S.K.: 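Structure incoming, see below.
No experiment lies behind these values; they were computed from the predicted model shown.
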Amino acid sequence: MTGAALAAVAVGIILEDVPVFVAGGGVLALLILFAVLGGKRRSAGGEPPAGRLALARIEDLRATGGESADVPVKFRLTVAPEPEDGRPAYRVKITQHINLVDLPAYRPRGIAVVEYRPDKPWDVRIVTRPTPEWSRRAEEAEIDSAPDSTLVSNPDVDEGSWCLLVLLAFLAGAVLVVLLFRGPLFTAANDEDTPPDSPSKSSSTSRTFTTSTTVSGPSSSLLAFGRMRATAMELESRVDTAYVTEVTIEDHRMAVSGDSTRPPTETFHLQSLPYELLPTLVREARTTLGIRTPETWRIDITPPTGNGVGPRVRITVTGPEGTAHLDADATGRVVDRRGVGEGG
């Protein structure tokens with residue numbers, strides 16, 4: 001049905017046939033609605049795993065939405081079961097809803113507390129509120145990455161056969177619609193005057209990238225709660241990797257830059273930044289650095305320098321008295337202040 005609906009939309013546009021276009025678009029909208037409702041029902045009906053606690057290394061994570069306070073995040077983990085479980089460390093991929101406030105606590109190469117079922121090792125959930133003992137163990141632990149060959153998945157789901165079946169059904173629906181309208185389509189194709197040697201567009205890939213966005217509308221300031229992370233997710237969707245070399249945030253604008261030639265130590269993950277803490281740091285910089293009437297503010301986030309751990313956050317405030325800045329680490333802790341006239 002999806003293939004037929006998309007084909008009907010395309011045929012309606014080509015032939016300028018409004019009923020066909022409306023019919024295809026309507027069926028497609030219904031299919032999307034059913035898929036969304038089915039996904040919510042599965043999420044609400046899922047039972048949390050009743051198993052054993054363990055530590056896991058976060059290999060990578062990517063937030064896939066930002067419509068509410070709890071956002072779905074895709075994790076790649078190396079789970080390290082306890083020695084008494086008798087199972088070596090293994091890889092697993094999971095998707096879990098994480099609250100926006102808690103999201104900065106999960107970073108690549110960080111350690112998290114998880115719960116898994118020994119009989120179903122692919123059934124893993126991150127424990128967002130571990131006990132003090134497990135929190136201490138997570139802070140002190142160091143876990144090596146397990147090889148990709150240890151990746152486990154649900155054996156009951158034959159993804160290859162399922163994907164092939166979906167593809168064949170999709171093509172069958174599309175072909176059926178095209179065959180029904182083959183006469184008008186071929187006539188339109190023959191009537192179209194296309195030069196035989198028309199130039200084609202070529203694309204080239206670049207090692208560096210830069211993208212930005214400007215927010216507008218009611219409560220459009222990026223200082224509004226949740227706005228920074230939602231904007232970062234929008235920018236992340238435009239680039240091939242979430243590992244960037246610079247983030248710049250102003251009142252109504254956010255920009256990110258990256259360079260694929262940089263080593264991992266000179267980049268940072270776009271979703272690892274403490275966006276929820278940055279508005280408080282901006283207010284602190286505007287009121288404690290000697291500028292009575294702050295006019296503009298700017299946040300510059302860059303990779304760590306020297307022996308630093310995590311990206312460096314610099315907030316610059318400008319006013320009639322001059323310029324001042326405040327430096328913080330990746331956890332939002334202030335590490336340096338430079339008031340008006342202090343230089344640096």
Side-chain angles (χ1 to χ4, degrees), residues 58-63 100 103-110 206-215 221-223 226-286 288-289 291 294-319 322-340 342-344:
I58 301 175
E59 303 294 347
D60 191 16
L61 73 159
R62 178 182 288 269
L100 281 172
L103 195 55
Y106 303 100
R107 299 183 176 89
R109 298 181 292 276
S206 175
R207 294 181 179 180
T208 62
F209 61 86
T210 299
T211 183
S212 64
T213 186
T214 302
V215 297
S221 173
L222 285 169
L223 295 179
R227 179 59 64 87
M228 285 190 188
R229 187 170 296 280
T231 305
M233 292 177 184
E234 177 187 346
L235 293 177
E236 181 182 342
S237 66
R238 302 180 185 177
V239 296
D240 294 332
T241 175
Y243 288 92
V244 299
T245 57
E246 184 179 6
V247 175
T248 302
I249 305 173
E250 297 171 308
D251 195 24
H252 297 281
R253 181 178 179 273
M254 179 182 291
V256 299
S257 301
D259 187 345
S260 60
T261 63
R262 294 281 189 92
T265 55
E266 296 181 9
T267 65
F268 55 92
H269 198 282
L270 193 56
Q271 293 299 332
S272 69
L273 302 176
Y275 295 106
E276 291 71 28
L277 304 179
L278 296 182
T280 301
L281 293 176
V282 171
R283 286 190 287 269
E284 183 174 348
R286 297 176 68 184
T288 64
L289 298 180
I291 298 181
E295 296 176 348
T296 62
W297 59 267
R298 175 189 174 107
I299 303 175
D300 294 289
I301 306 174
T302 54
T305 57
N307 296 325
V309 178
R312 187 185 73 165
V313 179
R314 168 162 290 189
I315 301 174
T316 303
V317 181
T318 304
T323 301
H325 70 255
L326 176 151
D327 290 342
D329 61 17
T331 65
R333 180 175 61 89
V334 176
V335 297
D336 187 30
R337 302 173 189 268
R338 297 280 179 167
V340 177
E342 295 184 15

S.K.: List in chain and number order the residues that pass side chain to side chain contact (heavy atoms under 4.5 Å, CB included) with Thr213, two or more places apart in sequence or in another chain; answer none if no residue qualifies.
M.R.: Thr231, Glu234, Leu235, Arg238
S.K.: Measuring from atom CD of Glu266 to atom OG1 of Thr261, what distance do you get when rounded to the nearest 0.5 angstrom?
M.R.: 8.5 Å
S.K.: Report yes if some heavy atom in the side chain of Asp327 is under 4.5 Å from a heavy atom in the side chain of His325; otherwise report no.
M.R.: yes
S.K.: Among residues at least two apart in sequence or on other chains, which ones pass side-chain hydrogen bond (donor to acceptor under 3.5 Å, both in side chains) with Thr214?
M.R.: none
S.K.: Name all residues meeting the salt bridge (Lys or Arg N to Asp or Glu O under 4.0 Å) criterion together with Arg337; count only those two or more places apart in sequence or in a different chain, and write none if there are none.
M.R.: Glu284
S.K.: For residues 248-256, which side-chain donor-acceptor pairs fall under 3.5 Å, sequence neighbours excluded?
M.R.:
{"residue": "Asp251", "atom": "OD1", "partner": "Ser221", "partner atom": "OG", "Å": "2.5"}
{"residue": "His252", "atom": "ND1", "partner": "Ser220", "partner atom": "OG", "Å": "3.3"}

S.K.: Could you pull out all residues at least two apart from Thr296 that satisfy side-chain hydrogen bond (donor to acceptor under 3.5 Å, both in side chains)?
M.R.: none
S.K.: Considering all heavy atoms of both residues, which atom of Pro274 and which atom of Gly332 are nearest to each other, and what is their separation?
M.R.: CG-N, 4.2 Å
S.K.: For a side-chain contact (heavy atoms from CB on, under 4.5 Å) check, start with the C-alpha distance between Gln271 and Arg107, then their side-chain angles and the critical distance, and finish with the verdict.
M.R.: CA-CA 8 Å; Gln271 293 299 332; Arg107 299 183 176 89; over 6 Å; no
S.K.: List for me each residue that meets side-chain hydrogen bond (donor to acceptor under 3.5 Å, both in side chains) alongside Glu276, sequence neighbours excluded, and say none if there are none.
M.R.: Arg229
S.K.: Using the salt bridge (Lys or Arg N to Asp or Glu O under 4.0 Å) criterion, which residues pair with Arg333? Sequence neighbours excluded.
M.R.: Asp329
S.K.: Who are the side chain to side chain contact (heavy atoms under 4.5 Å, CB included) partners of Pro108, not counting sequence neighbours?
M.R.: Leu61, Tyr243, His269, Ser272
S.K.: Any side-chain heavy-atom pair from Phe209 and Val244 closer than 4.5 angstrom?
M.R.: yes
S.K.: By side-chain hydrogen bond (donor to acceptor under 3.5 Å, both in side chains), which residues pair with Ser237, not counting sequence neighbours?
M.R.: none
S.K.: Just to verify, which of Ile299, Val247, Leu100 counts as forming a side chain to side chain contact (heavy atoms under 4.5 Å, CB included) with Met228?
M.R.: Ile299
S.K.: Show the nearest heavy-atom pair for residues Ala328 and Leu281, with the distance to one decimal.
M.R.: CB-CD1, 3.9 Å
S.K.: Evaluate the criterion side-chain contact (heavy atoms from CB on, under 4.5 Å) for residue pair Leu222 and Tyr275; output intermediate values, then yes/no.
M.R.: CA-CA 10 Å; Leu222 285 169; Tyr275 295 106; over 6 Å; no
S.K.: Of all the heavy-atom pairs spanning Phe268 and Pro303, show the shortest one and how long it is.
M.R.: CE2-N, 3.7 Å
S.K.: Among residues at least two apart in sequence or on other chains, which ones pass salt bridge (Lys or Arg N to Asp or Glu O under 4.0 Å) with Arg62?
M.R.: Glu236
S.K.: Please test Arg314 against Asp300 for salt bridge (Lys or Arg N to Asp or Glu O under 4.0 Å), starting from the C-alpha separation and ending with a verdict.
M.R.: CA-CA 5 Å; Arg314 168 162 290 189; Asp300 294 289; over 6 Å; no
S.K.: For Gly310 and Ala330, which heavy atoms make the closest approach, and how far apart are they?
M.R.: CA-CB, 4.1 Å
S.K.: Suppose we screen for side chain to side chain contact (heavy atoms under 4.5 Å, CB included). Which residues come up paired with Thr245, at least two apart in sequence or across chains?
M.R.: Ser257, Asp259, Arg262, Thr267
S.K.: Please name all residues satisfying side chain to side chain contact (heavy atoms under 4.5 Å, CB included) with Ala285, sequence neighbours left out, ordered by chain then number.
M.R.: Leu289, Ile315, Val317, Leu326
S.K.: Checking side chain to side chain contact (heavy atoms under 4.5 Å, CB included) against Val313, which of Leu277, Thr302, Leu278 comes through?
M.R.: Leu278
S.K.: Roughly how far, to the nearest 0.5 Å, is CZ of Arg283 from OG1 of Thr288?
M.R.: 12.5 Å
